[in-house]
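What follows is a short report on a single structure.
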Amino acid sequence: MAQSPGQPALITIRITETSQVLNVVLHIIYDMFAPNMVTISEALAALDKYQIPIPGPASDIWTLVLRHAPSYPIQAYALAAHHDMESICIETSRYTCAVSLETITEADALTMGSMFLRKLFFLHLGRCEALKRVTEAPPKPHREVRNCREDAHASIVRAWALVVANILVQPMLQNIQVAQLREMFAGTMQGRTCGLCIDSIRSRVVEICDEWSAVKSTI
C-alpha cells in the first residue's frame with residue numbers, strides 16, 4: 001500500500017494469540033464491549049430463539065445487565081426477571097428505589113412477570129411502612145431538672161409529630177436518605193436551651209438513622 005507523505009510508517013506485528021484471545025484484547029483496548037440495554041435484550045432474546053441456555057452468573061452477560069442498573073433500574077430488573085437471573089434481580093432492585101413504580105410501563109410489567117412485579121411492589125411499599133414505624137415514636141422524656149420547662153417534652157412531641165408528618169408526604173419515600181432524616185429532625189432542636197432535651201432528641205435521631213439503614217433495600 002502506498003504511504004502518504006508525512007504519515008508514520010505502518011508497523012506489522014505478527015500475532016501468535018488465537019482469535020478468541022485477540023478479540024478480548026481488542027475489546028479491552030478500545031473499550032468496545034459495552035452494549036446498551038437494547039442490544040443486551042436482543043442478544044438474550046436470540047439465545048432463547050436458538051434454544052441456547054442463558055450462561056450462569058459467572059458470565060459477562062450478567063455483569064453487563066448489572067452495569068446498566070443504576071441508569072436503567074426498571075429495564076434492567078425486568079430483563080433479568082424475564083430470563084430468571086434472580087441474583088441480578090436482587091441486586092438491581094435496590095436501584096429501583098430511586099424511581100417511582102408509576103414509571104413501570106405495561107411492557108415492563110409483562111417482561112418481568114407477575115411474581116417479580118409483586119416482589120418489587122412489596123419492596124417499595126414495605127420500605128415506606130418501615131419508615132413510618134421507625135420514625136413514629138418521639139424522644140423519651142428526661143428526668144426532671146430545674147432549668148427545663150414543665151411543658152418542654154410536650155413541645156418536643158408536637159414538633160416531632162409535625163416533622164414525621166412532613167417526612168411521610170415526601171416523594172420517593174422508599175428512597176429517603178439518612179442525611180435527609182437528620183436534617184429534617186434537626187428542626188426539633190431549634191430554640192431549645194435544655195441540654196438534656198437536646199441530647200434526647202439527638203439520641204432518638206441516631207436510633208432512627210441506624211434502624212432505617214438496616215431496613216432491607218432489596219427484594
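Residue pairs meeting the side chain to side chain donor-acceptor pair (under 3.5 Å) criterion with at least one member in residues 130-141, sequence neighbours excluded, are Glu129-Lys132. The side chain to side chain donor-acceptor pair (under 3.5 Å) analysis of residues 195-210, with sequence neighbours excluded, yields the pairs Arg204-Glu207.
When atom types are taken as modelled, the side chain of Trp212 and the backbone of Val134 share no donor-acceptor pair closer than 3.5 angstrom. No donor-acceptor pair closer than 3.5 Å links the side chain of Arg127 to the backbone N or O of Asn175. Remark: the backbone N or O of Ser100 is paired with a side-chain donor or acceptor of Thr103 at under 3.5 angstrom. A donor-acceptor pair is defined here as one N or O able to donate and one able to accept, closer than 3.5 Å; no such pair exists between the side chain of Tyr77 and the backbone of Ile90.
Residues satisfying the side chain to side chain contact (heavy atoms under 4.5 Å, CB included) test with Pro141, not counting sequence neighbours, are His153. Here Val38 pairs with Asn36, Glu42 under the side chain to side chain contact (heavy atoms under 4.5 Å, CB included) rule; sequence neighbours left out. Under the salt bridge (Lys or Arg N to Asp or Glu O under 4.0 Å) criterion, Arg94 pairs with Glu91, not counting sequence neighbours. Remark: Arg149 engages Asp151 in a salt bridge (Lys or Arg N to Asp or Glu O under 4.0 Å) (not counting sequence neighbours).
Between His68 atom NE2 and Thr63 atom OG1 the span is 11.5 Å, to the nearest 0.5 Å. With rounding to the nearest 0.5 Å, the separation of CD1 in Ile88 from CG in Leu64 is 10.0 Å. Atom-to-atom distance recorded for Leu120:CG and Thr218:OG1 is 11.0 Å, nearest 0.5 angstrom. His82 NE2 to Ser41 OG: the interatomic distance, rounded to the nearest 0.5 Å, is 7.5 Å. From Thr188, atom OG1 reaches atom CD1 of Ile198 across 9.5 Å, with rounding to the nearest 0.5 Å.
Inter-residue side-chain proximity for Cys194 and His142 is flagged as met; some heavy-atom pair is nearer than 4.5 Å. Contact annotation: the side chain of Pro53 never approaches that of Leu47 to less than 4.5 Å [non-hydrogen atoms, C-beta and beyond]. In this structure, the side chains of Leu196 and Cys148 stay at 4.5 Å or more apart for every pair of heavy atoms. When side chains are defined from C-beta on, Ile167 counts as touching Leu181, because their heavy atoms get closer than 4.5 Å.
Hydrophobic clustering (side-chain heavy atoms under 4.5 Å, transitive across Ile, Leu, Val, Met, Phe, Trp, Tyr) groups Trp160 together with Met189. No continuous path of ILVMFWY side-chain contacts below 4.5 Å connects Leu110 to Met115, so the two sit in separate hydrophobic clusters. Ile104 and Leu173 fall into different hydrophobic clusters, defined by Ile, Leu, Val, Met, Phe, Trp and Tyr side-chain heavy atoms under 4.5 Å apart, directly or through other members. In terms of hydrophobic clustering, with Ile, Leu, Val, Met, Phe, Trp and Tyr side chains grouped at heavy-atom distances under 4.5 Å, Leu168 and Val163 are assigned to a common cluster. Hydrophobic cluster membership is shared by Ile176 and Ile208, with clusters built from Ile, Leu, Val, Met, Phe, Trp and Tyr side chains linked at under 4.5 angstrom.
Within a 6.0 Å radius of CD in Glu86, other residues, nucleotides and ligands contribute 12 heavy atoms or fewer.
Geometric assessment of Lys119 against the ring of Phe122 yields a negative cation-pi assignment under the 6.0 Å and 45° thresholds.
The nearest pair of heavy atoms linking Met112 to Ala78 is CB-CA, 3.7 Å. In this structure, Leu123 and Ser93 approach most closely via the heavy-atom pair CD2-O, 3.6 Å. Shown here for Ala45 and His83, the closest heavy-atom pair between the two residues is N-CE1, 4.3 Å. When every heavy atom of Val65 is checked against every heavy atom of Met85, the shortest pair comes out as CG2-CE, 4.3 Å. Here the closest heavy-atom approach between residue Ser213 and residue Cys209 is recorded as OG-O, 2.8 Å.
For the residue pair Asp108/Thr105, the side-chain donor-acceptor check at 3.5 Å is satisfied. Using a 3.5 Å distance cut-off with no hydrogens or angles, the side chains of Thr96 and His124 do pair a donor with an acceptor.
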For this session: For the pair Ile40 and Leu44, evaluate side-chain contact (heavy atoms from CB on, under 4.5 Å) and give the outcome as yes or no after the intermediate values.
Result: CA-CA 6 Å; Ile40 295 171; Leu44 289 171; 4.2 Å; yes

Exercise. Going through the distances and angles, do Leu125 and Gln174 end up as a side-chain contact (heavy atoms from CB on, under 4.5 Å)?
Worked result: CA-CA 7 Å; Leu125 296 176; Gln174 74 282 353; over 6 Å; no

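Only one option out of Thr111, Leu79, Val99 pairs with Ile74 in a side chain to side chain contact (heavy atoms under 4.5 Å, CB included); it is Val99.
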